[in-house]
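Read the structure below first, then the notes.
In what follows, chains carry the letters A, B, and so on, assigned in the order in which the sequence lines appear, proteins first and then strands, with residues in each chain numbered from 1. What you are looking at is a predicted structure, and each value in this text was computed from that prediction instead of being measured.
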Protein chains: 2
Amino acid sequence: MTRMSVSERRTALVDAALRVIARDAVAGATTRAIASEAGMPQASFHYAFESRDELMREVVRHVLEQEERSILPAMAPTSAPADMREALKSGLEHYFAGIAADPDHERAMLELSQYSQRTPGAEHLARLQYESYFALAVTSLRAAAELVDARWSRPVEEIGCMIVALTDGLTSTWLATRDDAAAHRFIDFAADAIARLSEPLSPSEAEAAAASRNRLSTGAQA
Amino acid sequence: MTRMSVSERRTALVDAALRVIARDAVAGATTRAIASEAGMPQASFHYAFESRDELMREVVRHVLEQEERSILPAMAPTSAPADMREALKSGLEHYFAGIAADPDHERAMLELSQYSQRTPGAEHLARLQYESYFALAVTSLRAAAELVDARWSRPVEEIGCMIVALTDGLTSTWLATRDDAAAHRFIDFAADAIARLSEPLSPSEAEAAAASRNRLSTGAQA
DNA sequence: GTCTATAATGAGATAGAC
DNA sequence: GTCTATCTCATTATAGAC
């Protein structure tokens with residue numbers, strides 16, 4: 001491997017580490033295994049990273065960015081949903097399709113989360129991971145309310161916490177059982193239960209909201 | 001440590017392993033650390049167990065038994081609940097109190113579950129763990145229905161899956177955030193949502209159910 | 001039967017040739 | 001700058017004294 005900047009090397013090693021963790025768990029992600037996966041000698045590892053711990057922190061940070069970039073658009077509705085229940089259901093189905101498409105990757109995320117929680121000096125990363133999920137959930141909930149002309153009957157932050165817990169339960173249960181039918185039933189159930197925490201806007205309110213949105217987007221364009 | 005049967009040694013090591021895993025994670029549960037925690041020299045470890053892997057399998061098995069014995073009675077209502085919503089809420093609060101009382105223990109359980117899922121030859125233990133949770137949930141749901149004179153409007157097995165996913169999400173979210181208020185809100189929400197999947201028996205049905213119960217218990221005594 | 005002492009392995013990290 | 005060869009340390013497991 002001639003000519004490779006340190007930062008290129010770092011991202012190559014982070015990517016390789018993710019693949020190794022997905023395949024062999026965190027315990028199997030030795031510097032040797034990671035370097036070999038990245039196609040470089042083990043010694044090059046320490047040329048790019050101070051220590052294995054520094055790499056792991058970088059892996060978690062990388063994963064956070066990646067998730068924020070990939071999950072947010074995934075939550076966007078493919079077609080205009082009829083009501084809140086449908087909007088939530090399609091969002092959750094989309095999320096589930098993502099984890100079902102690459103279960104090993106998702107298990108790696110769960111393991112990294114546990115790793116952060118148990119590694120002294122990395123606890124803040126675990127918090128960050130949850131805060132990122134939470135922010136994502138809140139954004140999605142606000143978007144859904146706007147999309148189907150509804151309001152949340154409780155603080156949207158509270159409902160965001162619940163979305164996080166629901167998706168977390170869905171994920172870890174499915175990873176353990178691989179029971180697709182149960183997952184879809186749970187999504188139905190969750191969408192229904194969360195939708196009950198919203199109420200449709202009255203026609204006049206909906207009109208006002210639409211007008212306000214127009215004003216805002218016009219203003220943004222000007 | 002003079003005079004200690006092999007089976008005593010095994011249970012002592014399994015107990016010690018659980019403490020070490022709760023404190024230092026699965027990765028920190030070396031044979032040395034476990035033996036030291038059990039107050040015996042490291043060599044005694046291999047006098048009781050073939051290998052570290054054999055111990056870990058035994059730990060998971062032990063945990064399954066322990067959970068079944070401790071969670072089932074914990075789900076029993078402390079006082080007669082007014083309706084299904086209250087019954088579920090008190091059951092879930094009881095469950096949550098259990099994990100909040102010993103978070104490290106619960107984290108150890110989660111880690112063991114992941115360990116089983118990723119260790120070749122131990123996948124069946126991961127399945128067992130979930131099946132045990134599931135069976136527990138179904139039993140609790142049946143008991144709750146009897147207690148408050150209600151019927152489940154969907155197969156109780158389907159609802160059992162959902163209880164497992166809900167408690168799982170509750171657990172891992174709380175372990176990551178330690179947000180008690182959010183946990184209680186989630187319990188409220190979950191109890192409400194699940195209770196909607198039940199309907200009260202009519203007075204005549206309730207009477208018939210009570211009579212049937214009496215017949216059964218009399219029959220059991222005879 | 002029990003424990004001290006040690007072998008064997010594999011880990012993270014580094015020195016030094018190129 | 002890069003990689004080969006090596007160091008040091010901690011691990012599992014065992015041999016052998018008591």
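- For the pairing with B:Arg85, the side-chain contact (heavy atoms from CB on, under 4.5 Å) check across B:Asp188, B:Ile194, B:Val148 returns one residue only, B:Asp188.
- As a whole-Å value, the separation of A:Phe45 CZ from D:dT4 P is 17 Å.
- Atom pair A:Glu54:CD and C:dG12:C1' shows a separation of 14 Å (rounding to whole Å applied).
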Show your reasoning for whether salt bridge (Lys or Arg N to Asp or Glu O under 4.0 Å) applies to B:Arg57 and B:Glu50. CA-CA 11 Å; B:Arg57 283 196 296 272; B:Glu50 189 69 23; over 6 Å; no
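- Not one side-chain nitrogen or oxygen of A:Arg9 sits closer than 4.0 Å to the OP1 or OP2 atom of D:dG1.
- For a distance-only test at 3.5 Å, the side chain of A:Arg32 qualifies as a donor-acceptor partner of the base of C:dG12.
- When the C1' atom of C:dG12 is taken as reference, atom CD1 of A:Ile34 falls 11 Å away, rounded to whole Å.
- Distances shorter than 4.0 Å separate none of the side-chain N or O atoms of A:Ser44 from OP1 or OP2 on D:dT2.
- One interatomic measurement links the two molecules: CG of A:Leu13 to C1' of C:dA13, which rounds to 15 Å at whole-angstrom precision.
- Rounding to whole angstrom units, CZ of residue A:Arg10 and P of D:dG1 are separated by 17 Å.
- Here the C1' atom of nucleotide C:dT6 and the CD atom of B:Gln42 are 11 Å apart, to the nearest Å.
- Counted within 6.0 Å of CZ on A:Arg185, heavy atoms from surrounding residues, nucleotides or ligands total more than 12; the atom is thus considered enclosed.
- Atoms CE (A:Met40) and P (D:dT4) sit 13 Å apart, rounded to a whole Å.
- Relative to the side chain of B:His46, the nucleotides C:dA11, D:dA13, D:dT11 differ in distance, and D:dA13 lies closest.
- Under 4.0 Å is where a charged nitrogen must lie from a carboxylate oxygen, and between B:Asp15 and B:Arg19 no such pair does.
- Of the two residues contacting DNA chain D, namely A:Val6 and B:Ala43, the nearest-nucleotide position lying further toward the 5' end is that of A:Val6.
- Atoms OH (A:Tyr47) and P (C:dT14) sit 15 Å apart, rounded to a whole Å.
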